[in-house]
Amino acid sequence: MRLPGRLSAAIEVLTDVETRKRPVSEALKAWGLNNRFAGSGDRAGIGNMVYDVLRRRASHAWAMGTDDPRALVLSVAVREWGETVEGLNAAFAGDNFAPAPITEEEAARLTADDPLAGAPDYVKADIPDWAGPSLDYLGDWVAEGRAMTERPPVDLRVNTLKSTPEKVKKALSRFTPADTFAANGLRMFAGGKDARTPNVQSDEGYIKGWFEVQDLGSQAVSVLAGAKPGEQVLDLCAGGGGKTLAMAADMGNRGQIFAYDSERARLAPIYDRLKRNGVRNVQVRAPEAGALGDLVGKIDRVLIDAPCTGTGTWRRRPDTKWKLSAEQVAVRIGEQAALLVEGATYVKAGGHLIYVTCSLLADENRNQIERFLAKHADFKAVSGEALWGAAFGEAAGTPYFGPEGGVTLTPHRTGTDGFYVCVMRRG
């Protein structure tokens with residue numbers, strides 16, 4: 001497929017997302033199944049265009065005066081992919097699969113000197129109009145929002161139970177992985193336009209368990225959780241096991257991790273991942289009545305990777321940015337508060353409760369912790385700034401250190417997805 005056909009396909013996918021209200025990943029998959037002639041390069045180019053539109057939908061819509069999928073795709077093609085109105089119209093004229101020619105009105109908007117003239121800050125930040133005040137505590141929330149519109153890198157965590165960073169770098173040298181501030185982290189930066197994302201999960205090293213795909217922010221909060229060899233650890237919301245695996249490696253397979261999740265479907269992938277990673281100190285607890293009853297008051301570290309709005313992952317899942325509502329936030333806040341109370345019951349005296357989200361909203365993070373600490377005088381927050389300095393020093397950007405003791409990572413501040421972590425010690 002040539003560029004005109006890919007642009008038409010992107011318009012079709014975005015229209016499908018809008019009219020059928022389904023996730024963009026499903027719409028892209030459906031388009032691929034219905035158009036099997038498209039090669040992997042075509043699918044990558046179409047997917048990149050669709051995600052680029054969704055990451056900056058608000059600003060492109062303002063520039064074009066409409067959020068119609070065609071207008072948004074044309075705006076990205078010109079403003080982000082470097083195409084010209086003249087070049088596109090020439091290409092459209094010779095392609096049976098091209099969109100209709102660019103009109104004079106569209107051309108005027110596509111070539112405007114200041115396309116965001118008069119736009120409110122939330123448009124410049126490319127976030128929902130209600131989200132600005134929720135990010136204001138971070139400082140320059142427009143810059144924070146803009147950073148969440150960039151294409152994310154592919155981050156890897158080297159599994160030290162089976163390999164080393166040097167060994168993985170050599171195995172993946174064709175992708176030129178770079179070092180990160182995490183000792184066992186590697187990164188492959190995103191390309192532009194129709195660049196393909198490295199398919200590292202088909203690599204022999206991945207199959208052998210040498211590394212996991214895990215955002216650098218997720219790796220960082222796993223390190224800050226502080227799991228040590230010989231400890232008893234409970235991962236209360238283990239899901240597919242990403243942080244369980246990271247902690248198991250940090251513990252050198254010594255001690256015990258109990259991996260639990262309230263939903264079997266979320267927990268299901270952990271079994272194969274544990275085997276592939278060579279993890280031997282994890283006991284998976286299925287969600288049954290009394291599954292954790294024998295752990296009350298006995299655990300050194302309880303990790304709560306709480307269900308949240310996922311606002312910190314907007315650069316990877318930009319379609320969710322425009323669907324999130326205040327009602328959904330309220331539901332998550334209630335779930336988180338209940339998990340904190342439950343998690344506290346398993347922590348022994350002198351043990352630690354670690355609260356993590358992939359959200360940047362204050363109500364899910366610092367405010368949540370402040371409410372918990374106000375009602376649980378036996379818990380005190382450990383200085384997040386001290387933990388960060390000991391783990392990473394000054395080579396990792398500057399997270400936001402909250403007055404409650406938490407650490408907030410953001411794409412703007414640390415070059416990671418958005419994550420929050422607060423470590424609390426029980427007296």
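Since the model is a prediction, treat every value here as computed from it, not as a measurement.
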(request) Heavy atoms only: give me the nearest Asp261-Gly239 pair and the separation to one decimal. (result) OD2-N, 3.0 Å
(request) Enumerate the residue pairs fulfilling side-chain hydrogen bond (donor to acceptor under 3.5 Å, both in side chains) with a member in residues 62-71, sequence neighbours excluded, ordered by first and then second residue. (result) Arg70-Glu106
(request) Drop me the distance from Leu135's CG to Asp140's CG, to the nearest 0.5 angstrom. (result) 11.0 Å
(message) Within the 4.5 Å heavy-atom criterion, are Pro307 and Leu339 side-chain neighbours or not?
(response) yes
(request) State, yes or no, whether a side-chain contact exists between Asn277 and Leu161 at a heavy-atom distance under 4.5 Å. (result) no
(message) Can you confirm whether Thr320 sits close enough to Leu324 that some side-chain heavy atom of one is under 4.5 Å from a side-chain heavy atom of the other?
(response) no
(message) Do Tyr260 and Pro287 have side chains that approach each other closer than 4.5 Å (heavy atoms only, starting at C-beta)?
(response) yes
(request) Find the distance between CZ (Arg317) and CG (Leu54) and round it off to the nearest 0.5 Å. (result) 12.5 Å
(message) Using a strict threshold of under 4.0 Å (side-chain N to carboxylate O), is an ion pair present between Arg57 and Asp126?
(response) no
(message) Taking the basic N atoms (NZ, or NE/NH1/NH2) and the acidic carboxylate oxygens, is any pair closer than 4.0 Å for Arg426 and Asp378?
(response) yes
(message) I'd like to check Ile369 versus Met424 (side-chain heavy atoms, cut-off strictly below 4.5 Å). Are they in contact?
(response) yes
(message) Any carboxylate oxygen within less than 4.0 angstrom of a Lys/Arg side-chain nitrogen, looking at Arg316 and Asp215?
(response) yes
(request) Identify the heavy atoms of Thr160 and Ala249 that sit nearest to each other, and give their distance. (result) OG1-CB, 3.7 Å
(message) Using a 3.5 Å distance criterion without hydrogens, assess whether the side chain of Asp250 forms a donor-acceptor pair with backbone atoms of Ala227.
(response) no
(request) Quick one: sort the Tyr400 and Tyr137 rings into parallel, tilted or perpendicular, breaks at 30° and 60°. (result) perpendicular
(request) Inspect the contact between Asp272 and Lys275 and indicate whether a charged nitrogen and a carboxylate oxygen are less than 4.0 angstrom apart. (result) no
(request) Could you tell me whether Asp52 and Lys193 make a salt bridge, using a distance below 4.0 angstrom between a side-chain N and a carboxylate O? (result) no
(request) Would you check if Ile46 and Met49 make a side-chain contact, meaning some heavy-atom pair closer than 4.5 Å? (result) no
(request) Mark yes when over 12 heavy atoms from residues, nucleotides or ligands other than Lys375 sit less than 6.0 Å from its NZ; otherwise mark no. (result) no
(message) Rounded at 0.5 Å granularity, tell me how far CG in Asp155 sits from OG1 in Thr416.
(response) 8.5 Å
(request) Compare all side-chain heavy atoms of Leu116 with those of Ser59 and state whether any distance is below 4.5 angstrom. (result) yes
(request) Would you check if the side chain of Asp300 reaches a backbone N or O of Gln232 as a donor-acceptor pair within less than 3.5 Å? (result) yes
(message) Between Arg20 and Glu26, does any side-chain N to carboxylate O distance fall below 4.0 Å?
(response) no
(request) Heavy atoms only: give me the nearest Ala27-Arg22 pair and the separation to one decimal. (result) CA-NE, 3.9 Å
(request) Quick one: pull up CD in Glu342 and CG in Leu353 and give me the separation to the nearest 0.5 Å. (result) 11.0 Å
(message) What I want to find out is whether Glu404 reaches Arg371 closely enough, with some N-O distance under 4.0 Å, to be called a salt bridge.
(response) no
(request) Determine the interplanar angle of the His376 and Phe372 rings, folded into 0 to 90°, and report it as parallel if under 30°, tilted if 30 to 60°, perpendicular if over 60°. (result) parallel
(message) Within this structure, what is the NE2-CZ distance for the pair His352 and Phe379, rounded to the nearest 0.5 Å?
(response) 10.0 Å
(message) Is any side-chain heavy atom of Tyr355 closer than 4.5 Å to one of Tyr420?
(response) yes
(request) Would you mind checking if Glu231 and Arg301 are paired as a salt bridge, meaning a charged N to carboxylate O distance below 4.0 Å? (result) yes
(message) I want to check a possible cation-pi pair here: Arg276 against Tyr206, using under 6.0 Å from ring centre and within 45° of the ring axis as the test.
(response) yes
(message) Whether the side chain of Glu364 engages the backbone of Thr309 through a donor-acceptor N/O pair (distance < 3.5 Å, no angle test) should be reported.
(response) yes
(request) Return the minimal non-hydrogen interatomic distance between Glu80 and Arg56, and the atom names on each side. (result) OE2-CD, 3.2 Å
(request) Any chance you could lay out the side chain to side chain donor-acceptor pair (under 3.5 Å) test for Gln336 and Thr357, step after step, and finish with the verdict? (result) CA-CA 9 Å; Gln336 294 154 5; Thr357 74; over 6 Å; no
